[in-house]
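Please read the structure below before turning to the comments.
Predicted, not measured: the structure shown is a model, and the values here were computed from it. Chain letters run A, B, ... following the sequence lines, proteins first, then strands; residues in each count from 1.
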Amino acid sequence: MTADRLDRTFFSRDTLAVARDLLGKRLVRLLAEGQRLSGIIVETEAYVGETDRACHAARGRTPRNAVMYEKAGLAYVYLIYGIHHCLNAVTEQEGFPAAVLIRALEPQEGLAKMREFRSGQPDRILTSGPGRLCQALAIDRTFNGSDLCISPDLYVEEGDAPAGIVTDTRIGISADETARERLWRFCVAGNLYVSRPPRNRGTKVE
DNA sequence: TATACGATCACCT
DNA sequence: GGTGATCGTATAC
């Protein structure tokens, strides 16, 4: 059950590689009372640098996106639509703004607590979506800038690479066509907890 | 200071 | 398939 935590060398690589390789890994959240919540990462998206028009850093550094410019392995958590939180892992070298958005998990530990945080929503959508998984794991902006390589209560553990990976366009972005066409969304093939079925634009088997 | 809007979700028809 | 919620942030005035 206890596995090694992913270290900074893992996150310091090319963002697309990190997004792909995070599939199958375990996101762990330890609550104050010591309870462990976790889920296998089954869907991610890559946001890469100021030239990526869909990236929050597309218009340069601001107070909100500053964490994206810091060292790999930090958590970038922001509030969207005034309601939901989204969790990202910062990637690449310090000074280059890039991150991987964690979009869905397959719940593993602490299901009862997650159901409580999710107000009794069906298990099927317990952690299926970036806002939902943050609610299920009690992740909010207080984690923005926290270090996934060091933090005692939020980190990623080693896990088995999935048998199949499917790529697709990123969800919910309203940037230019080039950004919309990029296949920078990564999903575990056939997994029930992926937030929206991939349209099978690109298929990879690893 | 004012305003428009977003890497979403739940609930409605 | 459509839409309102809700507020921090970026940008314009």
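At B:dA10, one or more side-chain N or O atoms of A:Arg118 fall inside 4.0 Å of OP1 or OP2 (strictly under the cut-off). One finds a side-chain N or O of A:Gln121 lying less than 4.0 angstrom from the OP1 or OP2 phosphate oxygen of B:dC11. Considering only side-chain N and O atoms, A:Arg196 lies nowhere under 4.0 angstrom from the phosphate OP1 or OP2 of B:dT8.
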Worksheet item: Using a cut-off of 4.0 Å between protein heavy atoms and nucleotide atoms, how would you tag nucleotides 5-13 of chain C 5' to 3' with B, S and -?
Response: BBBSSSS--

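Side-chain contact check for A:Ile150 versus A:Tyr155: every heavy-atom pair is 4.5 Å or farther apart. Inter-residue side-chain proximity for A:His84 and A:Cys134 is flagged as unmet; no heavy-atom pair is nearer than 4.5 Å.
Regarding A:Tyr47, its OH atom lies at a distance of 7 Å from the P atom of B:dA7, rounded to whole Å. Atom pair A:Leu133:CG and B:dA10:P shows a separation of 12 Å (rounding to whole Å applied). Protein atom CG of A:Leu126 is 19 Å distant from nucleotide atom P of B:dT8, rounded to whole Å. Distance, A:His85 NE2 to B:dG6 C1': 15 Å, rounded to whole Å. Atom pair A:Arg132:CZ and B:dC11:P shows a separation of 10 Å (rounding to whole Å applied). Whole-Å rounding puts the A:Ile125 CD1 to B:dA10 C1' distance at 8 Å. Rounding to whole angstrom units, CD1 of residue A:Ile80 and C1' of B:dA4 are separated by 13 Å. One atom, CE of A:Met68, and another, P of B:dA7, lie 11 Å apart when rounded to the nearest Å.
Remark: the backbone N or O of A:Gly110 is not paired with any side-chain donor or acceptor of A:Gln35 at under 3.5 angstrom.
Each salt bridge (Lys or Arg N to Asp or Glu O under 4.0 Å) pair with one or both residues in residues 118-144 of chain A, not counting sequence neighbours, appears once here: A:Arg115-A:Asp123.
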Worksheet item: Dot-bracket for DNA chain B: what is it, with Watson-Crick or G-U pairs under 3.5 Å, [ ] where a pair crosses earlier ones, and | for a pair to another strand?
Response: ||||||.|||||.

Fill in: Audit row: A:Lys25, A:Glu158, side-chain contact (heavy atoms from CB on, under 4.5 Å) steps and yes/no
CA-CA 5 Å; A:Lys25 303 294 192 284; A:Glu158 259 312 336; 3.2 Å; yes

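Linking ILVMFWY side-chain heavy atoms closer than 4.5 Å, directly or via other members, places A:Leu133 and A:Val100 in a single hydrophobic cluster.
Under a cut-off of 6.0 angstrom, the local environment of CD in A:Gln93 is crowded, with over 12 non-hydrogen atoms contributed by other residues, nucleotides or ligands.
Taking atom C1' in both C:dG1 and B:dA7, one finds a spacing of 22 Å when rounded to whole Å.
No hydrogens or angles considered: a donor-acceptor pair under 3.5 Å links the side chains of A:Thr169 and A:Arg199.
Scanning both residues, A:Pro130 and A:Leu101, for their nearest heavy atoms gives CB-CD1, 4.2 Å.
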